[in-house]
A.B. asks: 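Encoded as structure tokens, here's the structure I'll be asking about.
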There are 2 protein chains.
Amino acid sequence: MQKQQYLTKNQQIVLDLVEKSSEPLKAYSILFNVQKKGLKAPLQVYRALDKLVEIGKIHKIESRNAFVACKNSSCQVSKATAFSICESCEKVTEINNSKLSKYLTNFEDNSGMKYNKYNLEFFGLCKKCKNK
Amino acid sequence: MQKQQYLTKNQQIVLDLVEKSSEPLKAYSILFNVQKKGLKAPLQVYRALDKLVEIGKIHKIESRNAFVACKNSSCQVSKATAFSICESCEKVTEINNSKLSKYLTNFEDNSGMKYNKYNLEFFGLCKKCKNK
DNA sequence: TGTTATTTGTTATATTATTACAAACTGTTA
DNA sequence: TAACAGTTTGTAATAATATAACAAATAACA
């Protein structure tokens, strides 16, 4: 069996919406927005989201239960993600820093556990909100 | 007004339970377990959890919607947390690594944003599960 | 074409979390 | 002590997030 090459219709509809958005989208907000396109039930959206996360097209912002499109073209699989989150305006940006990803990908602690995935979320105030 | 010194009864009940647990606890599992002690409604548990997280006595594992007691005595405030999570047995361990925390606390990207908090979750297989 | 696996649709329900508001308690001041 | 302000608590209702179960449709392919 081969790895899926093309997105299904539902996956494409959800991906298009998330990619167009300038901010993280919540599952039920996605649902609301794709109802005119025929996705009527939560599960249809969740299934598409699950797949898109799995193949790295989108990421889940865990602390916000929201989804963003991956901005990193080389990010085929979602296994090393870092985000900055403004606690005031909730702006979320994917951090693309090779030093950071290298450091974390190679990180080993004394537990003998080898990590194959990580997710990092930084919180603070973005430039705009800091100057308010 | 002074900062709260002592925990309220509900906070103490919830903290005791989370501290005794060897694994992350979910809010409704906590609720179930403290009902005999008089906490009957979700909100009572969530309020206690919120406060305990705020003062750093417990941490939320965002990817699991579950709570663990802080194992790091110096961790008065929950602003720099790192965990390892076994994707097979779901064992969660707080990572206490000064190099890592130093690196992340001082991390700056090119967005001009200064971070005051982060949460990092590593995923992999723990020793036990790797050898199965 | 027939067979199998995957995807989809649908309903129902489980799980996680918050709103709203009244009552009780705590500490401070008159 | 009484009046008050602020905080914590209790309670009910409901909102928001996510999954289970199963049947129908579609795709993959021998």
Side-chain angles (χ1 to χ4, degrees), chain A residues 1-18 21 23-55 57-68 78 87 90 92 119 121, chain B residues 1-18 21 23-55 57-68 78 87 90 92 119 121:
Chain A
M1 199 179 322
Q2 224 179 313
K3 200 172 161 85
Q4 167 173 350
Q5 251 174 314
Y6 301 104
L7 299 177
T8 66
K9 196 186 101 206
N10 288 357
Q11 289 161 14
Q12 191 63 58
I13 289 170
V14 170
L15 178 58
D16 286 348
L17 185 68
V18 176
S21 172
E23 53 182 16
L25 293 180
K26 306 216 148 207
Y28 276 70
S29 138
I30 293 170
L31 175 59
F32 179 80
N33 276 283
V34 296
Q35 270 173 340
K36 64 193 78 161
K37 304 216 167 160
L39 284 86
K40 288 181 289 188
L43 196 46
Q44 297 176 289
V45 169
Y46 278 105
R47 284 202 278 231
L49 288 172
D50 284 351
K51 193 63 174 186
L52 292 168
V53 165
E54 187 191 323
I55 63 178
K57 290 287 189 185
I58 64 174
H59 303 303
K60 182 172 185 181
I61 309 300
E62 294 287 356
S63 65
R64 300 297 187 260
N65 297 320
F67 299 85
V68 293
S78 188
E87 289 184 299
E90 292 294 326
V92 171
N119 178 54
E121 297 181 4
Chain B
M1 201 182 321
Q2 225 179 310
K3 200 170 160 87
Q4 167 172 350
Q5 251 175 313
Y6 301 104
L7 299 178
T8 66
K9 196 186 102 206
N10 288 358
Q11 289 161 13
Q12 191 64 57
I13 290 170
V14 170
L15 178 58
D16 286 348
L17 185 70
V18 176
S21 172
E23 53 181 17
L25 294 179
K26 305 215 150 208
Y28 275 71
S29 139
I30 293 171
L31 175 60
F32 179 80
N33 276 283
V34 297
Q35 269 173 341
K36 62 194 76 160
K37 305 217 166 157
L39 283 85
K40 287 181 290 187
L43 194 47
Q44 296 176 289
V45 170
Y46 278 105
R47 285 201 276 231
L49 288 172
D50 284 352
K51 192 64 174 185
L52 292 168
V53 166
E54 185 192 325
I55 64 179
K57 291 285 189 186
I58 64 174
H59 303 302
K60 181 172 188 183
I61 310 300
E62 294 287 356
S63 64
R64 299 297 186 260
N65 296 320
F67 299 85
V68 293
S78 188
E87 290 184 298
E90 292 293 326
V92 171
N119 178 56
E121 298 180 6

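Given the structure is predicted, the values throughout are model-derived calculations rather than measurements. Letters go in sequence order (proteins before strands), and every chain restarts at 1.
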A.B. asks: Excluding sequence neighbours, so at least two apart, what forms salt bridge (Lys or Arg N to Asp or Glu O under 4.0 Å) with R64(A)?
C.D. replies: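 Result, salt bridge (Lys or Arg N to Asp or Glu O under 4.0 Å) vs R64(A): E90(A).
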A.B. asks: Taking distance alone, no hydrogens or angles, what donor-acceptor pairs closer than 3.5 Å link side-chain atoms of residues 39-47 of chain B to residues at least two apart or in another chain?
C.D. replies:
from: Q44(B); atom 1: OE1; to: K40(B); atom 2: N; distance (Å): 2.7
from: Q44(B); atom 1: OE1; to: A41(B); atom 2: N; distance (Å): 2.9

A.B. asks: Counting N and O atoms only, with roles assigned by atom type, does the side chain of Q12(B) sit under 3.5 Å from a partner on the main chain of K9(B), one being a donor and the other an acceptor?
C.D. replies: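 It does not hold such a pair.
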A.B. asks: When you measure from the side chain of R47(A), which nucleotide among dA20(C), dT10(C), dT18(C) comes out closest?
C.D. replies: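 For the R47(A) side chain, the nearest candidate turns out to be dT10(C).
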A.B. asks: Under 3.5 Å, is there a donor-acceptor pair linking the side chains of E121(B) and S63(B)?
C.D. replies: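 Distance-only check passes for E121(B) and S63(B).
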A.B. asks: If only side-chain N and O atoms of N65(B) are considered, is one of them under 4.0 Å from the OP1 or OP2 phosphate oxygen of dT15(C)?
C.D. replies: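 Checking N65(B) against dT15(C): no side-chain N or O falls below 4.0 Å of OP1 or OP2.
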A.B. asks: Whole angstrom is fine here: how far is it from CD in Q11(A) over to P in dT6(C)?
C.D. replies: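 Taking CD of Q11(A) and P of dT6(C), I get 14 Å after rounding.
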A.B. asks: For E87(B), which residues count as a salt bridge (Lys or Arg N to Asp or Glu O under 4.0 Å) partner, sequence neighbours excluded?
C.D. replies: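 E87(B): salt bridge (Lys or Arg N to Asp or Glu O under 4.0 Å) contacts with K117(A).
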A.B. asks: Quick one: closest heavy-atom pair of V14(A) and A48(A), and the distance?
C.D. replies: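 In this case the closest contact between V14(A) and A48(A) is CG2-CB, 3.8 Å.
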A.B. asks: Whether Q44(B) contacts dG10(D) is assessed here as follows: a side-chain N or O lying under 4.0 Å from the phosphate OP1 or OP2. Is that the case?
C.D. replies: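 For dG10(D), OP1 or OP2 has a side-chain N or O of Q44(B) closer than 4.0 Å.
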A.B. asks: Can you list, by residue number, the residues of residues 25-43 of chain B that have a non-hydrogen atom closer than 4.0 angstrom to DNA chain C?
C.D. replies: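 Heavy-atom contacts with DNA chain C come from K26(B), Y28(B), L43(B).
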A.B. asks: Please check the phosphate of dT8(C) (OP1 and OP2 only) for any side-chain N or O of T8(A) closer than 4.0 Å.
C.D. replies: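 Yes, T8(A) has a side-chain N/O under 4.0 Å of OP1/OP2 on dT8(C).
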A.B. asks: Using a cut-off of less than 4.0 Å, is there contact between a side-chain N or O of K60(A) and OP1 or OP2 of dT17(D)?
C.D. replies: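 Answer no for this pair, as no side-chain N or O of K60(A) is under 4.0 Å from OP1 or OP2.
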A.B. asks: Can you measure K9(B) atom NZ to dA24(C) atom C1' for me and round it to whole angstrom units?
C.D. replies: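 Value for this atom pair: 12 Å.
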A.B. asks: Taking side-chain hydrogen bond (donor to acceptor under 3.5 Å, both in side chains) as the test, write out the residues that go with Q35(A), two or more places apart.
C.D. replies: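 For Q35(A), no residue satisfies side-chain hydrogen bond (donor to acceptor under 3.5 Å, both in side chains) once neighbours in sequence are set aside.
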A.B. asks: Heavy atoms only: give me the nearest L17(B)-N33(B) pair and the separation to one decimal.
C.D. replies: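 Residues L17(B) and N33(B), closest heavy atoms: CD2-CB, 3.6 Å.
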A.B. asks: In whole angstrom, what separates R64(A)'s CZ from dA16(D)'s C1'?
C.D. replies: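 Nearest whole value for this atom pair: 16 Å.
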A.B. asks: What is the distance, to the nearest angstrom, from the CG atom on D50(A) to the C1' atom on dT7(C)?
C.D. replies: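 From D50(A) CG to dT7(C) C1': 14 Å.
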A.B. asks: Output the rounded distance in Å from CD (E62(A)) to C1' (dA18(D)).
C.D. replies: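 From E62(A) CD to dA18(D) C1': 13 Å.
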A.B. asks: Using 0.5 Å steps for rounding, measure from the NZ atom of K60(A) to the CG atom of N119(A).
C.D. replies: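 Answer for the NZ-CG pair, K60(A) versus N119(A), is 10.5 Å.
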A.B. asks: E54(B) CD to dT8(D) C1': how many Å, rounded?
C.D. replies: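 Rounded to whole Å, this separation is 14 Å.
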A.B. asks: Expressed in angstrom and rounded to an integer, what is the separation of Y46(B) atom OH from dT9(D) atom P?
C.D. replies: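 Value for this atom pair: 18 Å.
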A.B. asks: Let me have DNA chain C in dot-bracket notation, would you? Count Watson-Crick plus G-U wobble pairs, both distances under 3.5 Å, and use [ ] for pairs crossing earlier ones and | for inter-strand partners.
C.D. replies: ||||||||||||||||||||||||||||||
